[in-house]
There are 2 protein chains.
Amino acid sequence: MTKLYDFIKSQINIDESELETILLNFNERKIKKDRFVLKHGHFATDYYFIKSGGLRINFDINNNSKTAWIALENEFFTDLTSIKNKVPSRYNIQAIEDTILFTIKSETMERLYKEYPIWQQFGRQIWENAFLKAIDGLLNFQNMNAEERYLTTMQQTELLQRIPLKDLADFLGITPTSLSRLRKKIK
Amino acid sequence: MTKLYDFIKSQINIDESELETILLNFNERKIKKDRFVLKHGHFATDYYFIKSGGLRINFDINNNSKTAWIALENEFFTDLTSIKNKVPSRYNIQAIEDTILFTIKSETMERLYKEYPIWQQFGRQIWENAFLKAIDGLLNFQNMNAEERYLTTMQQTELLQRIPLKDLADFLGITPTSLSRLRKKIK
DNA sequence: TTCATTTCTTGCCATTTGGCAATTCCTTCA
DNA sequence: TGAAGGAATTGCCAAATGGCAAGAAATGAA
């Protein structure tokens, strides 16, 4: 769990012993490429920390499934809406390659939040950061065209270069056809 | 401060006395329509709770100012990037009408977070909710065209109907010209 | 109320993005 | 290793959105 350990340490100043105790509440889960972590219509029950690999978060909209988001190595992820509002998830969450997660039940998270104020701080910071990332994405959509969004996204992480172009197209909010033309034009 | 009081109560289960103490750290600030709350290039120092009125968050991009977001009555708002990273703000924040804020210094927030675990929980929930809202906006951009975004936005709050169309256009990520045509077509 | 300024609308045309179908290219798995 | 199915590209054309400029409408200050 070194990766998770380091990640938490990078976010908060926590006692070694407390951290050890908290880590005991995580479980490792391995997912083969293309297998589902969560299926649309089911209830999200866990938070995931991605040790390696990545997740594709797909969104069902008028009969087809679009990639809404990609979560990668060293990130926390879950369907927070499903957990908070106890509603079935709108998402299909799927491994984009062989992936290792550290998972923790949402009730356990809640308990740890109460038990360890520093963990509550950790939670706050995680969501603050998630918010900033989402706003960044939003501003990109508001102020850039597809080509600019593509170039910006490409810079951000090399893993994005490994996902199928059709998923990337969804992520960018354009059709695979358009993305293909974009790439041709740029090259 | 009834509004703020009620808002906090709606988010967390807090002792009356603690809440009273916490509220003492907020200050009331009145802003006339069109006056600035924060100017681009300055450092954000406060969190705002909007008692009445609303804020336009503008973003300077290649020499003109675009409305990135609108924050309304009963919402918390600040430039979190500026506060967290201690960098000058990229935003101009301006009152869209006569507005009353309850403000609190970011250092005070930090102190209260540490002092009152329940307040840390409040902070976490605020940002969880902000995240969910941002993601919702993001999905709209990914999966809807301008017309659909317009219709969706119009449903959400009647106050949005009170902002100038050019700001609304920015918010929707289109030009005022296009918005005007959209509206004509729909009517 | 009037004038000046800003916002909004509209016409004309350009650019961006999409839809569909045919073809090619890759994967994968038997 | 080769056949099958999905992914990516491309051509042709359509729809959505933008740019610019002119005029109409709304707003605000004196």
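The sequence lines fix the lettering, A, B, ..., with proteins before strands; numbering per chain opens at 1.
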A:K133/A:E128 ion pair, N-O < 4.0 Å: no
Exercise: do B:T67 and B:N58 side chains pair donor with acceptor under 3.5 Å: yes
Between C1' of D:dA16 and CG of B:N143, the distance in whole Å: 17 Å
Rounded distance (Å) that lies between atom P of C:dC8 and atom OH of B:Y150: 12 Å
B:F76 and B:F122 aromatic ring geometry - parallel, tilted or perpendicular at 30°/60° bounds: perpendicular
Single hit among A:K32, A:R29, A:K33 for salt bridge (Lys or Arg N to Asp or Glu O under 4.0 Å) with A:D98: A:K32
Nucleotides 14-19 of chain C: protein proximity per nucleotide (B base, S sugar-phosphate only, - neither; heavy atom, under 4.0 Å): ---SBB
Electrostatic pair A:R181-A:E147, nearest N-O below 4.0 angstrom: no
Aromatic ring pairing A:F102/A:F49, orientation class (parallel under 30°, perpendicular over 60°, tilted between): parallel
Whole angstrom value for the distance that separates C1' of C:dC8 from CG of B:L168: 13 Å
Value in whole Å for how far the C1' atom of D:dT10 lies from CG of A:L165: 15 Å
Any B:L101 side-chain heavy atom under 4.5 Å of B:T99 side chain: yes
Whole-Å distance separating the CZ atom of B:R183 from the C1' atom of C:dT7: 12 Å
Toward the 5' end of DNA chain C, by each residue's nearest nucleotide, B:K184 or B:K166: B:K166
Length of the CD1-C1' vector between A:I186 and D:dT9, whole Å: 15 Å
Nucleotides 22-30 of chain C: protein proximity per nucleotide (B base, S sugar-phosphate only, - neither; heavy atom, under 4.0 Å): ---------
Short side-chain donor-acceptor distance under 3.5 Å, A:D79 and A:S89: yes
Whole angstrom value for the distance that separates P of D:dG18 from CG of B:D170: 11 Å
Exercise: do A:R56 and A:N92 side chains pair donor with acceptor under 3.5 Å: no
Touch class at under 4.0 angstrom, heavy-atom based, for A:P176 against every strand present: nothing
